[in-house]
Amino acid sequence: MVPRPLPFLIAVGLSDASPLPDAGRWRDRVLAAEAAGVDLVTIDAGDADAVLVAAGIAARTETIGVVPVAATTITEPFHVSTAVATVDQVSGGRAGWLAAVRPTDDAQGLVTWTVPDDVHADAAEHITAVRALWDSWEDGAEIRDAATSRFVDAGRVHHVDLRGPHLAVRGPSITPRPPQGHPPVFVRVRDHVDLELARDHADVLLVAGGVDAAPLRAPGLLQLLELDADAGVASRVAAAEAAGFDGVLVHAPESELALQALAPVLADRGGPGRIGDGSLRARLGLPPAKNRFAQARA
Amino acid sequence: MSGSKRQIHLGAHFPGVNNTTVWSDPASGSHIAFESFKRFVQTAERAKFDFFFLAEGLSLREHAGRIHDLDVVGRPDGLAILAALAAVTERIGLAATLTTTYHEPLETARQLATLDHLSGGRAAWNLVTSTDAVSGANFRRGAYLPYDDRYVRAGEALALADRL
């Protein structure tokens with residue numbers, strides 16, 4: 001467990017299986033969660049693109065964390081890094097990324113490269129590449145120095161030159177470093193392969209299976225217990241807190257259901273409010289993200 | 001069209017990454033900040049422009065491995081910024097430039113459908129292909145495609161998007 005003076009985290013998992021996302025409905029659900037004081041929502045838009053749904057939500061919310069799902073197995077790390085950086089910029093530092101791993105059989109044929117057997121190794125390289133691209137522009141690289149006619153300081157924009165068994169990315173990114181540096185990366189843990197990936201590459205673990213999911217826990221990392229919203233959820237939230245989890249992620253087909261079930265818990269916490277600099281990292285109690293290139297130069 | 005007044009369509013191109021974009025005047029503001037995009041698009045919408053047009057570039061200009069530092073560089077992800085702009089506009093069209101060479105066909109079709117639904121039917125696609133190996137080095141398949149293959153891939157991507 002990360003020592004943190006912050007309140008127990010309450011996250012709501014929103015999903016929509018319809019391939020036709022309705023912007024108004026998504027917005028209403030997230031605004032209701034924000035008003036109730038929920039810390040963050042995860043966004044799973046089914047066959048639609050969750051990152052784009054999140055971008056629209058980011059433009060219309062103020063305090064809540066916005067964490068869309070994007071699968072590593074069927075995406076380019078370059079596009080994921082710029083898209084999540086953009087959601088982070090639009091939201092003023094409230095974006096995260098739920099990095100999902102798809103089984104090989106499920107993903108094969110959806111993309112124009114051959115999906116490898118070892119999708120977790122591919123995911124590890126993918127997340128590594130996304131983080132490297134987030135670092136490829138140092139903060140303050142845009143200098144706009146009229147005296148020397150230089151728009152950027154080329155010494156603070158870096159090639160990342162990653163070359164692994166599954167993918168290679170040269171960089172730099174086309175998008176400057178996002179406000180949070182590294183928007184928090186969430187990984188869902190269902191078995192020991194997931195746990196290994198999460199331990200090495202995630203900021204937040206999503207754990208299912210009740211408070212007895214102890215074998216799949218990783219000391220020192222933020223862990224949220226996944227629960228379904230139903231009548232007994234408030235007592236299970238209390239049990240999760242007692243068991244040492246950092247928070248819960250409550251799934252509900254309708255956010256109203258989750259909010260009703262969570263009402264006793266949320267009532268104790270007051271309104272939404274800003275924590276620290278208002279970023280999702282601050283809300284999670286994560287330290288500012290270091291930039292590998294700035295550190296190497298220092 | 002006899003008897004009816006012909007109208008021209010007006011598109012507004014965001015002045016971002018370009019060697020003609022003025023940046024040295026402090027009044028020019030950020031070309032990256034969401035607020036700049038929002039102000040630009042909302043102004044175009046008030047002025048009754050038909051659509052907002054966003055270019056794409058998937059690498060920074062460089063010479064002999066060194067980043068070109070004299071012009072505006074740095075841009076958001078095109079689709080993500082358009083999805084955010086859809087949430088703060090009502091009527092204006094939102095046109096994304098997407099290269100079929102370095103975007104996946106299925107993902108492109110899904111993303112454009114997503115943007116179209118989020119915006120209430122205001123999305124458009126400027127389909128292009130890419131020739132530069134510098135951009136190719138940022139993607140899984142590596143270097144760029146030969147001329148003929150680029151257009152085969154583009155045709156297949158467009159056909160898939162139409163079918164979906």
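Numbers restart at 1 for each chain; the letters A, B, ... are given by sequence-line order, proteins then strands.
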Exercise for the section: Let me see the working for Arg153(B) and Thr112(A) under side chain to side chain donor-acceptor pair (under 3.5 Å), right down to the final yes or no. Expected result: CA-CA 10 Å; Arg153(B) 184 175 160 104; Thr112(A) 61; 3.0 Å; yes
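- Asp69(B) places no side-chain N or O within donor-acceptor distance of the main-chain N or O of Phe151(A), the cut-off being under 3.5 Å.
- A donor-acceptor contact shorter than 3.5 Å is absent between the side chain of Thr86(A) and the backbone of Ile81(B).
- In this structure, His103(B) and His79(A) have parallel ring planes: the angle between them is below the 30° cut-off, well short of the 60° mark.
- When all heavy atoms of Gly74(B) and Pro176(A) are compared, the pair lying nearest together is CA-CD, 4.0 Å.
- Both the backbone and the side chain of Val111(A) come within less than 4.5 Å of a heavy atom in chain B.
- With a threshold of 4.5 angstrom between heavy atoms, Arg144(A) approaches chain B through its backbone and through its side chain.
- Proximity to chain B (any heavy atom under 4.5 Å) is restricted, for His159(A), to the side chain, taken from C-beta onward.
- When every heavy atom of Gln111(B) is checked against every heavy atom of Leu52(A), the shortest pair comes out as O-CD1, 3.5 Å.
- Neither the backbone nor the side chain of Pro178(A) has a heavy atom closer than 4.5 Å to any heavy atom of chain B.
- Residue Asp161(A) does not touch chain B at all, counting heavy-atom pairs closer than 4.5 Å.
- In this structure the side chain of Thr75(A) never reaches within 4.5 angstrom of the side chain of Glu104(B), judged on heavy atoms.
- No part of Val84(A) comes within reach of chain B, as not one of its non-hydrogen atoms sits under 4.5 angstrom from that chain.
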